[in-house]
Structure formats: C-alpha cells, structure tokens
Amino acid sequence: MSTANLSRSETAARSAAVTVRSYRVELDLSGATDPERAGFPTTTTVEFDTTAPATWLDFLGSSVEEVTVDGAPVPVEYDGARVALRGLTGHHVVRVRASGVYSRSGEGLHRFLDPADGRTYLYTQYEPADARRVFACFEQPDMKAPFTFVVTADAAWEIVSNRPAATEHRDGATRTVEFSPTLPISTYITAIAAGPYHRVESSWSRGDLTVPLGVLCRRSLARHLDADTVLTVTKQGLDFFADHFGYPYPWGKYDQIFVPEYNLGAMENPGLVTFTEAYVFRGAATAAQYEGRANTILHEMAHMWFGDLVTMVWWDDLWLKESFADYMGALAAAEATEWTDAWVAFAHRRKAWAYAQDQLPTTHPIVADITDLEAAKLNFDGITYAKGAGVLKQLVAYVGRDAFFRGVRRYFRANAFGNTTLADLLTELSAESGRDLTGWARAWLTTTGMSTIVLDGAEIVQTDPRPHRIGVGLYDFDDAGDLVRRERHDIDLAAARTPVDLAPAPLRLLNDGDLTYAKVRLDPESLATVERSLDRVTDPLARGLVWSALWNATRDGVYDPARYLRAAGAFAPAEANTALLGAVLANAGFAIEHYLTGESRDRWRGDWLERCWSALHAAEPGSGPQLAWARATAAAATTHDGRAADIRAVLTGAATAPAGLALDPDLRWLLWTALAATGAAAAADLDAELARDDTSSGRTAHRAALAARPDPAVKARAWAAALDDTALTNDQLDAVIAGFRAGGRRDLIGRYDADYFARLRGVWERRSIEIARRIVTGLFPAADSPRDVDAWLAANADAPAALRRLVVEQRDHLARDLRVRAVAW
C-alpha cells in the first residue's frame with residue numbers, strides 16, 4: 001500500500017500511542033498571485049505526548065526543508081507522504097518547515113484565477129485527508145487538538161479561518177493574521193480562505209449568545225449573491241437547532257463562503273463553511289434550486305454538532321455525521337423555513353440515489369468496513385448519506401420523536417469534543433427511549449440491500465424482510481375529481497407476509513408519509529389509477545412516492561420505459577413542484593438514452609424533444625416549471641436536431657424566446673451545447689458566445705461545447721485532454737468529459753474503449769484520487785456488452801480496491817441498462 005493511503009489499523013495504533021496537545025500552522029501565501037509560483041511555505045509546530053519511540057506526521061507537498069524536535073534539528077526523513085519521527089517518547093514539540101503545492105483539483109489549498117477581473121482566490125478543502133497537502137499533521141479524525149493558524153497574504157485580501165482573528169500586522173503589501181485558537185477539532189475540518197472576497201455581515205442571538213455571521217463570494221459574483229436569503233435560512237436553522245439540540249452553538253462565528261471549482265456541494269468546517277458557487281445563481285433559478293440550497297445550508301449547520309462537536313473515530317462511522325446531517329437538513333427545512341415540502345425532494349430524489357447505490361454489487365452497510373483512506377473517499381455515497389437519513393427517519397418513527405431528541409442531547413453532552421462509534425449513540429438513544437436498539441441496529445445499520453414491499457390481496461409482502469413501521473394511505477376521488485387521502489393505517493411489518501384488512505380504494509399507497517426506507521410497488525389497481533390520474537393526486541409527497549415507485553419499477557425492468565415516458569409526457573406539464581418536475585424530466589431523458597434501443601430510441605428522442613418544446617411554450621411565463629422545461633428542451637436537443645433551427649433563431653435574436661423566459665448565460669450555454677452536439681453550431685458560434693460571457697463559468701461551458709461537436713478530430717482532442725492534460729482543473733476536466741460524451745455518439749467515441757481499459761491503472765497511479773475518479777467514471781464506455789470490462793477485471797485482480805470498486809460499479813450500471821433493454825415489453 002502507498003504510504004499516502006493510510007490504513008485503519010495503523011492510524012488506530014498511532015492514536016493509541018500519541019496524544020496531540022496543540023498545533024500552530026504558519027502559511028505564507030504572499031506569492032499566490034504569481035502564477036509562476038507553484039507552491040507556498042508552510043510551517044507546522046505540533047505539541048504531543050507519545051508512548052511510541054517512532055511515529056510519523058503526514059504531509060503531501062513538494063519538499064520538507066527542516067524538522068526540529070524540542071528546538072534541535074534532526075535528519076529529515078520524508079518519502080513524499082510521511083515525515084518520520086524517531087527516538088521519541090514522552091512530551092515533545094516538533095516543528096516541520098516545508099513547501100506545499102497549490103491545488104488545481106480542489107484538494108488541499110485550491111488556487112483560482114478569475115478570468116472576469118484577473119483576481120486570485122484561495123480556499124481549502126480537506127475531507128477526508130487533504131489537510132496534509134497544506135500542513136504536516138496527524139491526519140486522522142480521532143486525533144483532535146486546538147489549532148492556531150497564522151496566515152500571511154495580500155494586505156487587501158479577506159483572510160478567514162475557523163476562528164476570528166486575534167492579532168494582525170501589515171508589512172508593506174502583505175498582512176499577517178493570527179487567528180484565535182480553535183477548540184479541539186479534527187484536521188479535516190480546519191479551513192483557510194484568502195482573496196479579495198466580497199463579504200456581507202449580520203448576526204444571530206439567542207439569550208446571552210451572539211454569533212457573528214458572514215456570507216462571502218468572489219467579487220465578480222457579488223451582484224448575483226442573494227445574501228439576505230442565505231442569512232434568513234441561516235438564522236432559521238440556528239433557531240431550530242438551538243431548540244432541538246440543547247447544546248449552544250460552540251464555534252464562535254459562522255461564516256459561509258461560496259468558492260469556485262469546488263468538488264463538493266459544501267463542507268462543514270466549523271466557523272467557515274464552504275459551498276460550491278453553483279449555489280450563487282447567475283440567472284433564473286427554480287424553487288427546487290432555492291430549496292436545495294436551503295437544505296444544504298441546514299445540512300452543513302447540523303454538522304456543527306454531528307461531526308464537528310462529536311466526531312467519528314474512523315471513517316467506518318462516517319454515517320454518524322452524514323446520515324444525521326442529511327436527515328436534519330430535510331427536517332429543519334420542512335419545519336423552520338418556507339420550504340415546507342422539503343421531504344418531497346428527499347423522498348423522490350435523495351432516496352433515489354440511495355436505492356441505486358444499494359443495488360450495486362459494491363453496496364455496503366451504513367456502518368461500513370473502511371480499511372483505508374481510498375475506501376473512505378468512495379464511501380461518501382448514497383448509502384452513507386441518503387439511505388442513512390432514510391433509516392434515521394424510520395428510527396424516529398420507531399422510538400418516538402421526543403425520545404430521539406432527548407437521546408441526541410445526551411449524546412452531545414456525553415461526547416462533546418470527542419470521538420464516537422455506533423455503540424455510543426445507541427447507548428444514549430436506548431437510555432431515553434427505553435428500547436434495546438441492538439436488534440434494530442443489526443437489521444438496519446449492519447446489513448445491505450433493501451426491502452421491496454407490495455400489496456398482494458389481503459397481505460403486504462416484503463422481500464428481504466426487515467422491521468418497518470409504515471403508513472398505508474387509501475386515496476379516493478373527491479367531488480372535484482382530485483385524489484385525496486380518505487384514511488391512513490399505520491402498520492408494523494417484520495415478516496415476509498403481513499395480513500392487513502384494507503378497504504378498497506382507487507389508490508392504496510404503501511409507505512404513505514415516507515416513514516421507512518424501502519422500494520414500493522403499486523398493485524395493479526393503483527397502477528391503473530395513477531396512469532390515468534396521477535395529476536389529480538393533490539398531496540406532493542404522495543405524488544413523489546408514486547413517481548418514485550414508477551421509476552424504481554422502470555429501473556428494475558418490471559415497468560416498460562415507454563409507459564414511464566408516456567406518464568411523464570402526460571403528467572409532468574401539470575407538475576407544480578419543481579423538485580419533482582426536475583427529477584421526472586431527468587429520468588425521462590435517462591430512460592431514452594439508457595433503456596431504449598434502435599428505432600424506439602430514435603423515435604422517442606424526437607417525440608420527447610417535441611413534448612419538451614410544447615410544454616416550454618405552454619408553461620406559465622417566468623415560472624419555475626417554464627425554466628425546468630427549457631433546460632429539458634436543451635437536454636433533449638443534444639441528441640436530436642428537430643428544433644435546431646428554432647433554437648438557433650432564439651439564441652441569435654432572429655426569433656423571440658417564449659414569453660417570460662430569461663435567456664441567462666447558463667441557459668444559453670445549455671442550448672449552444674445542444675446545437676454543437678448535433679452539428680448545428682460551429683466553433684465560431686461558440687467563440688462568439690464566449691465573448692458575451694467571458695467568465696469562469698463561461699469558459700468552462702465553452703470548453704464543453706467545443707468538445708461536444710460531432711467531429712472525429714474534436715473527439716480525439718477531447719480524449720487526449722481528459723487523459724493527458726494535467727493542467728486542467730477539476731471543473732475543466734468535467735467539461736471536457738461532458739463534451740466528449742455529449743450526444744451519445746457511440747459511432748464517434750466507441751473507438752476509444754480499448755484505450756480506456758489500457759490506461760486505467762496508469763491514471764489511478766499518476767493522478768489524485770479525485771481527478772482519477774472523474775476519469776474512471778466519466779469515460780467508462782457505454783458499450784453493448786460488458787465483455788471488455790469483464791476482461792479487464794479478470795486481468796487486474798491485483799488493482800487497487802478503490803479502482804476496482806469504481807469499475808465494478810460502472811459495469812453494473814451498464815449491465816442494468818442491457819437487462820432493461822432486453823425485456824420484451
């Protein structure tokens with residue numbers, strides 16, 4: 001195993017022998033604006049006690065210049081990932097002076113040059129183990145300590161970290177800020193950001209506690225930043241968690257910063273939460289986008305307690321923070337903000353992620369077996385987040401909400417600033433609920449897969465039986481012709497078959513209220529009802545559960561994809577919930593490209609484009625659904641040129657756009673990319689659009705659109721760039737891959753299949769795991785057979801486990817596509 005890939009066993013031994021007392025980290029970022037400077041000086045002083053004569057500090061940088069122990073120099077032993085420390089027992093102070101490297105991949109200290117105004121921005125991203133790219137440290141979550149950061153940078157810049165500044169001084173064009181020491185935290189949630197960021201300030205108070213609030217973004221995005229809306233959700237969340245957690249917000253201040261080229265949606269660094277700039281809407285946005293941002297804000301806020309205050313010992317228990325944050329984000333959004341339908345998006349979109357992940361051969365228990373960091377990196381998945389959150393929703397129904405939150409409050413008090421495992425949480429929840437949760441945990445947290453539940457006559461049948469508490473809603477038509485719930489039955493399931501006494505109803509909806517984690521099948525009578533009248537189901541959560549049942553059945557090959565497409569075409573135009581609408585439109589496009597073949601696919605490509613075009617023009621002007629249909633039109637036009645002339649006319653001004661539709665830069669790029677993918681736009685067209693939108697987003701979109709053109713030479717250049725151009729940032733790489741695959745032109749890109757498999761191991765060895773993951777998954781061949789991937793897996797049994805996992809998962813996606821296509825409907 002590479003020394004960069006830390007194992008669970010060796011880190012457990014290290015934490016058993018070493019107790020960290022404090023860190024002082026000094027970073028000189030004064031040269032960041034010089035593109036010729038690839039790196040920065042970094043000095044770490046760490047105080048610790050050890051019972052082991054030999055240990056190591058983790059560091060991924062260009063060099064280590066000096067190591068001192070208790071003030072005396074010692075020989076530098078550095079292998080590119082670890083700084084060896086030998087002959088030490090007792091109490092010591094170690095100082096490491098080294099050179100770090102600015103990141104282009106979003107891992108470590110990322111440096112971004114804004115093409116809009118030439119300004120440079122820096123920010124850090126560490127999870128699960130990239131703090132070592134910025135400073136030498138004991139890189140594991142259970143070795144918490146107070147951190148003091150000292151940062152030197154441009155005097156005119158905002159310089160921020162987890163804590164407020166304690167002192168600062170200027171020296172000509174630079175400014176050095178020393179921040180107050182943090183409370184004990186893990187390395188991966190420390191954070192630094194520096195640059196000419198735009199900042200908006202406010203505060204939140206509860207009793208004697210006042211928390212300063214800040215919202216930051218790049219200056220060129222400042223006019224798009226709706227800071228007031230962000231701050232409103234922030235204050236609502238702090239109120240909610242103060243009421244429910246019974247533990248005061250512990251981190252002093254609460255800054256939220258939107259950063260460019262971000263790998264994640266957001267990261268819960270205490271006092272300095274980082275978010276993707278995708279949440280700063282440059283143009284029109286749907287209600288679903290605002291709701292999704294609010295959910296993410298609240299998800300990260302929940303981490304201030306779940307993850308930051310109380311942290312898992314190792315990545316096996318990653319769910320102890322992510323599942324809870326996912327659940328709490330939806331709960332707080334539904335109960336504390338205007339987004340009272342937040343559970344609808346969770347039921348249909350978030351859980352769809354979990355259902356898909358849980359059916360892969362690489363699925364894992366919520367409490368996973370994570371042997372090393374590479375495995376940990378890949379476990380930020382639908383199981384750890386969405387399945388865990390769905391299971392927590394079932395736990396709340398099982399033990400009762402009041403008992404659940406009393407147990408949570410006990411958990412915080414008992415383990416504040418410490419590290420925990422599953423057993424610690426169950427102890428507190430069992431004490432408050434009076435229930436022995438051992439059996440529940442065994443059934444839900446240590447197993448894989450899911451139940452499928454269906455009403456079969458007078459019985460509810462479940463595969464893979466588990467204990468469930470579910471609602472069964474009986475829906476009937478009212479006088480207005482709407483399908484409304486007439487009554488609901490709460491039922492406990494445990495066996496494979498459970499007798500039930502249910503009255504007849506046009507729609508009998510299992511898991512009504514979405515209390516449990518399970519796939520639901522509609523009985524024949526209910527299916528017939530929704531295929532006629534899905535738009536008459538007035539409750540959005542019930543509609544979401546019906547749509548989820550239809551989509552899961554489609555994915556499983558038990559429901560004709562064409563029937564799903566007909567339902568989408570019939571009922572999506574009336575869908576007012578933009579989270580549901582967006583998901584259904586995305587699923588329809590996916591079904592056409594993945595589950596249909598030959599003439600059927602060609603016919604549906606054209607038919608679906610026409611349905612989207614018609615719905616776009618029929619939608620309420622300026623509405624969220626109108627915007628959703630415009631984006632769906634762009635997606636459909638990527639594989640069919642039936643409306644290319646009309647789209648071009650709108651983009652060039654020769655025709656007017658539908659009334660109320662804002663042709664903002666992002667939508668324009670989607671439409672131009674569609675034209676490029678079908679050969680209806682040339683490089684000159686795309687260059688002209690870039691001149692209109694010469695921003696970082698515009699340049700990235702331009703790169704994707706250029707690579708989308710259906711030309712063998714274009715695809716060859718895109719392939720070479722994706723595999724060989726190490727100067728591409730994470731976002732730029734994604735754009736090249738997206739353009740390469742745009743249009744589904746296997747006739748143009750199938751020739752690269754053999755090269756893909758020939759180069760996989762080299763990519764994994766030479767590129768960071770974040771970049772390698774994007775290449776492995778993004779360029780995986782959408783072939784007509786898995787034989788090439790099977791051959792690679794057979795010949796590469798010794799490949800790194802994380803690489804094999806990615807390939808196995810992609811193979812399974814391909815095999816599912818082929819199975820569904822093969823069904824004779």
Q: Determine, stepwise, if the pair Tyr121 / His110 fulfils side chain to side chain contact (heavy atoms under 4.5 Å, CB included).
A: CA-CA 8 Å; Tyr121 293 86; His110 190 82; over 6 Å; no

Q: Please step through side chain to side chain contact (heavy atoms under 4.5 Å, CB included) for the pair Asp664 and Leu667, ending with a clear verdict.
A: CA-CA 6 Å; Asp664 59 61; Leu667 180 57; 3.7 Å; yes

Q.
ring-ring contact (aromatic ring centres under 6.0 Å, His included), that's the test. Do Trp204 and Tyr254 meet it? Break it down for me.
A. CA-CA 9 Å; Trp204 171 85; Tyr254 199 77; 9.6 Å; no

Q: Mind running side-chain hydrogen bond (donor to acceptor under 3.5 Å, both in side chains) on Arg218 and Ser696 for me, showing each step along the way?
A: CA-CA 11 Å; Arg218 283 187 288 135; Ser696 61; 3.2 Å; yes

Q: Take Ile771 and Asn730 through the test side chain to side chain contact (heavy atoms under 4.5 Å, CB included) and record every step on the way to the result.
A: CA-CA 7 Å; Ile771 295 297; Asn730 44 354; 4.2 Å; yes

Q | Chi angles and distances behind the side-chain hydrogen bond (donor to acceptor under 3.5 Å, both in side chains) call for Arg282, Thr695 | A | CA-CA 11 Å; Arg282 295 203 303 161; Thr695 62; 3.1 Å; yes

Name the atoms and distances for all side-chain donor-acceptor pairs under 3.5 Å in residues 305-312, with sequence neighbours left out.
residue: Trp305; atom: NE1; partner: Tyr247; partner atom: O; Å: 3.0
residue: Thr311; atom: OG1; partner: Lys144; partner atom: NZ; Å: 2.8
residue: Thr311; atom: OG1; partner: Gly307; partner atom: O; Å: 2.6

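In this structure, the ring of Phe112 has its center no less than 6.0 angstrom from the ring center of Tyr123. Taking the centre of each ring, Phe240 and Phe245 stay at or above the 6.0 Å mark. Under the 6.0 Å cut-off for aromatic ring centres, Phe275 and Phe258 qualify, their centroids lying closer than that.
In summary, Arg699 and Asp693 do not engage in a salt bridge, as defined by a charged side-chain N under 4.0 Å from a carboxylate O. With respect to Glu261 and Arg104, no salt bridge is recorded, no charged nitrogen being found less than 4.0 Å from a carboxylate O. Checked for salt-bridge contact, Arg219 and Asp114 miss the test: no charged N lies under 4.0 Å from a carboxylate O. Classification of Arg293 and Glu291 as a salt-bridged pair fails, no side-chain N sitting under 4.0 Å from a carboxylate O. Salt bridge present: Glu268 and Lys321 bring a charged side-chain N and a carboxylate O closer than 4.0 Å. Salt bridge Arg692/Glu689: present, at least one basic N to carboxylate O contact under 4.0 Å. Between Arg774 and Asp734 there is a salt bridge, with a side-chain nitrogen of the basic residue lying less than 4.0 Å from a carboxylate oxygen of the acidic one.
No hydrogens or angles considered: a donor-acceptor pair under 3.5 Å links the side chains of Glu139 and Thr187. Judged purely by distance below 3.5 Å, without hydrogens or angles, the side chains of Ser768 and Glu770 never pair a donor atom with an acceptor atom. For Thr274 and Tyr262, the side-chain atoms include at least one donor-acceptor pair closer than 3.5 Å. Thr210 and Ser205 share a side-chain donor-acceptor pair at under 3.5 Å. No hydrogens or angles considered: nothing links the side chains of Tyr23 and Thr44 as a donor-acceptor pair under 3.5 Å. No hydrogens or angles considered: nothing links the side chains of Asp326 and Ser323 as a donor-acceptor pair under 3.5 Å. Side-chain contact, Thr729 with Asp731: no donor N or O sits under 3.5 Å from an acceptor N or O. Neither side chain, Ser220 nor Arg119, offers a donor N or O lying under 3.5 Å from an acceptor on the other.
Checked by atom type and distance alone, the side chain of Asp142 never pairs as donor or acceptor with a backbone atom of Asn419 at under 3.5 Å. For Arg163 (side chain) and Pro181 (main-chain N/O), a donor-acceptor pair under 3.5 Å exists by modelled atom type.
Side-chain contact between Thr420 and Val313 is absent, with no heavy atoms from C-beta onward closer than 4.5 Å. Residues Leu585 and Trp629 meet the side-chain proximity criterion, which asks for heavy atoms closer than 4.5 Å. Taking the side chain as every heavy atom from C-beta outward, Leu109 and Leu122 approach each other to under 4.5 Å. Taking 4.5 Å as the limit, some side-chain heavy atom of Leu671 sits within range of a side-chain heavy atom of Leu663. A 4.5 Å side-chain heavy-atom check between Cys217 and Tyr197 finds every atom pair outside the cut-off. Using a 4.5 Å heavy-atom cutoff, the side chains of Ile775 and Leu733 are in contact. Side-chain contact between Asn269 and Thr124 is absent, with no heavy-atom pair separated by less than 4.5 Å. Ile159 has its side chain within reach of Arg175: a pair of non-hydrogen atoms, C-beta onward, lies under 4.5 Å apart.
The distance from atom CD of Gln236 to atom CD of Glu338, rounded to the nearest 0.5 Å, is 7.5 Å. To the nearest 0.5 Å, the span separating CD on Gln140 from CH2 on Trp315 amounts to 11.0 Å. Separation of atoms CZ (Arg199) and CG (Leu216) is listed at 5.0 Å; rounding is to 0.5 Å. With rounding to the nearest 0.5 Å, the separation of CD in Glu168 from CZ in Phe179 is 8.5 Å. With rounding to the nearest 0.5 Å, the separation of CG in Leu378 from CZ in Arg773 is 8.0 Å. The CG atom of Asp317 sits 12.5 Å away from the CD atom of Glu322 when rounded to the nearest 0.5 Å.
Ring planes of Phe147 and Phe149: parallel class, angle under 30° (limits at 30 and 60°).
A cation-pi contact, defined as under 6.0 Å to the ring centre and within 45° of the axis, links Lys393 to Trp343.
The only option from Thr337, Thr234, Leu231, Thr229 that meets the side chain to side chain contact (heavy atoms under 4.5 Å, CB included) definition with Ile297 turns out to be Thr234.
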